[in-house]
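We use all heavy atoms of the structure for the numbers below, so side chains are in, but hydrogens, waters and symmetry mates are not.
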Amino acid sequence: MKKTSHLKQLIQSKQLEFLMEAHNGMSSIIAQEAGFKGIWGSGLSISASLGVRDNNEASWTQVIDVLEFMSDATDIPILLDGDTGYGNFNNVRRLIKKLEQRDIAGVCIEDKLFPKTNSFINGESQDLADIDEFCGKIKAAKDTQKDPDFCVVARVEAFIAGLGLEEALKRAEAYENAGADALLIHSKKSTAEDIVDFMKHWKKNTPIIIVPTKYYSTPTELFNKIGISTIIWANHSIRSSVQAIKETVNTIHKEQHLKNIESNIVSVSEIFRLQGSDELAQAEKQYLPGYELSLSSIILAAGASKIDSLTENIPKCLIDINNKTILDHQIDAFKKFNISDITIVRGDKKEAFLENQYTNIDNNSFHETHEVYSLYLAKEKLKNECFISYGDIVFKDYFIHECLNNKSDISIIVDSSCKKDASNKDYISATKEYDPINFNQDTYLTKMNRKIDANSIHGEFIGLIKTSKKGSNILLEALSSLPEEELKTMHMQDLLNHLIEKGHQISIIYIQGNWADVNTIADLHLATNLYA
Ligand code: SPV
Ligand code: MG
């Protein structure tokens, strides 16, 4: 359906409809994704997002340039807040022509004088347009539009100017007679009194649109009951984004680092998603020769360990942490970095895994084997750049970012802040200990062992490995060259130590905390706090 026809249908429909404010391409995409059927191209919000006042400081062509991005980014119709039409009837004619060229579905013009001021700033002192002159604008708009479904909404500012019900009704009727498709009755009262009064006396059929910014506590059911056609939520995207930007910017300014910010803001990959990067990836597959997915991840989730009754019916990786399983936390983290070729090696209680779109590989001898054998079973997937992770760990997304930044063939994430007393941990010794000043220096694994002397412990391997294409090949060769019976007995430390013996370097990426391997109820609390 054409956008114009869609807007017309919304405005004329018998049920209450809603338009959501947007002020640029991104806020339009978000409004559409939320399920809104139409967008209000708010003058206040567009001018605010451009950093100017709602006084026609942005020229009308600048507004239309913004609108073009909004329209291109979405399929739902946009009703432009066209202020006074940016001049007289002649300016309105040119406006309509340009809006139709850019697939904007309708325009709302208000009966004030150019240059206008926002209705919530000294409304009473703002002069209204002469009724006949304004009717001329409406007629000019209707005569100019080529598409019969393009909507012209006439906005009545009588209540804003303090002129009362009679003036509002007089103007509404005149604008209807001039050909307006709908009327926007604006009020700045904190209750819906003006609107209720108006609707009591409005006996015509022209749809009535309202903007309950100031009378926001009125129940929507009331608007439905009194016969309102469409509600505009006029500025809530810009206001919430200003709030969010302030919080983030002030925190960064104060703290001079990003660690406390990252989990409170959307990921860069969420931005990519909203921008439609998936579509581009598909198109690249279609149009770019030789394109293939290069990043994959193998999650080793076969092991059978228990945490009280929590693992009675499910494996550890399916334990819930803040409404998401450990496995889903990991998968979502990988996906944020566009790693969508995911393989899960299942074993213990494999029937508890739900149907999924990932590659599932079964290690049926999970009782007698360890992580290395699971990895061996998934060796087909060891190609290109690859992440290998234990299925029972949760970690902050930036670990993946750190891995991607590291250009070594094989790198592992190591927590330098671990306690050095507990046994049964994958402790490591390295060529250098963690040094916050020179933390970018190359550091390599010298040994991983559960029984390293406390003085030689530089950290704990968390269960996350990253390989380059060459690193994947090195691992693959090692796995292929070892006898299967030996692979069945090996832990990850054995494989990594074996690689070192063979002369390969394993790079260390030090982190401090911000992860948990979930073995006990206490670990579970730690993991929960990670997502608090
Ligand atoms: C706008 O969104 O720019 C409007 C509505 O005109 S209001 O700001 O409520 O007047
Ligand atoms: Mg406006």
Donor-acceptor pair, distance only, cut-off 3.5 Å: does the side chain of [X] make one with the backbone of [Y]?
X: Glu110; Y: Glu157; answer: no
X: Gln330; Y: Tyr390; answer: yes
X: Lys316; Y: Val518; answer: yes
X: Gln12; Y: Pro207; answer: no
X: Gln145; Y: Asp147; answer: yes
X: Asn122; Y: Ser125; answer: no
X: Ser71; Y: Glu68; answer: no
X: Ser269; Y: Phe272; answer: no

Take atom [atom1] of [X] as the centre, draw a 6.0 Å sphere, and report whether it contains more than 12 heavy atoms from other residues, nucleotides or ligands.
X: Asn250; atom1: CG; value: yes
X: Lys146; atom1: NZ; value: no
X: Arg53; atom1: CZ; value: no

Measure the spacing between CZ of Phe120 and CG of Asp54 and express it to the nearest 0.5 Å.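 Between atom CZ of Phe120 and atom CG of Asp54 there are 10.5 Å.
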Nearest-0.5 Å distance that lies between atom CD1 in Ile321 and atom CD1 in Ile319: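 Atom-to-atom, Ile321:CD1 and Ile319:CD1 are 7.5 Å apart.
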Would a line drawn from the ring center of Phe114 to the ring center of Tyr86 be shorter than 6.0 Å? no
Determine, using ring centers only, whether Tyr175 and Phe134 are less than 6.0 Å apart. yes
Could you tell me whether the side chains of Lys98 and Gln101 share a donor-acceptor contact shorter than 3.5 Å?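 Yes - a donor-acceptor pair under 3.5 Å links their side chains.
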Under 6.0 Å from the six-membered ring centre of Phe89 and within 45° of its axis: does the NZ or CZ of Lys139 meet both?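 No, Lys139 does not lie over the aromatic ring of Phe89.
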With the threshold set at 4.0 Å, does a side-chain nitrogen-carboxylate oxygen contact exist between [X] and [Y]?
X: Lys142; Y: Asp181; result: yes
X: Glu166; Y: Lys170; result: no
X: Arg155; Y: Asp111; result: no

Parallel, tilted or perpendicular, as decided by the 30° and 60° cut-offs, for the rings of His236 and Trp233: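 The arrangement is perpendicular - the two ring planes meet at more than 60°.
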Least distance between heavy atoms, Lys188 atom then Ser119 atom: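 Looking at all heavy atoms of both residues, the closest pair is CD-O, 4.2 Å.
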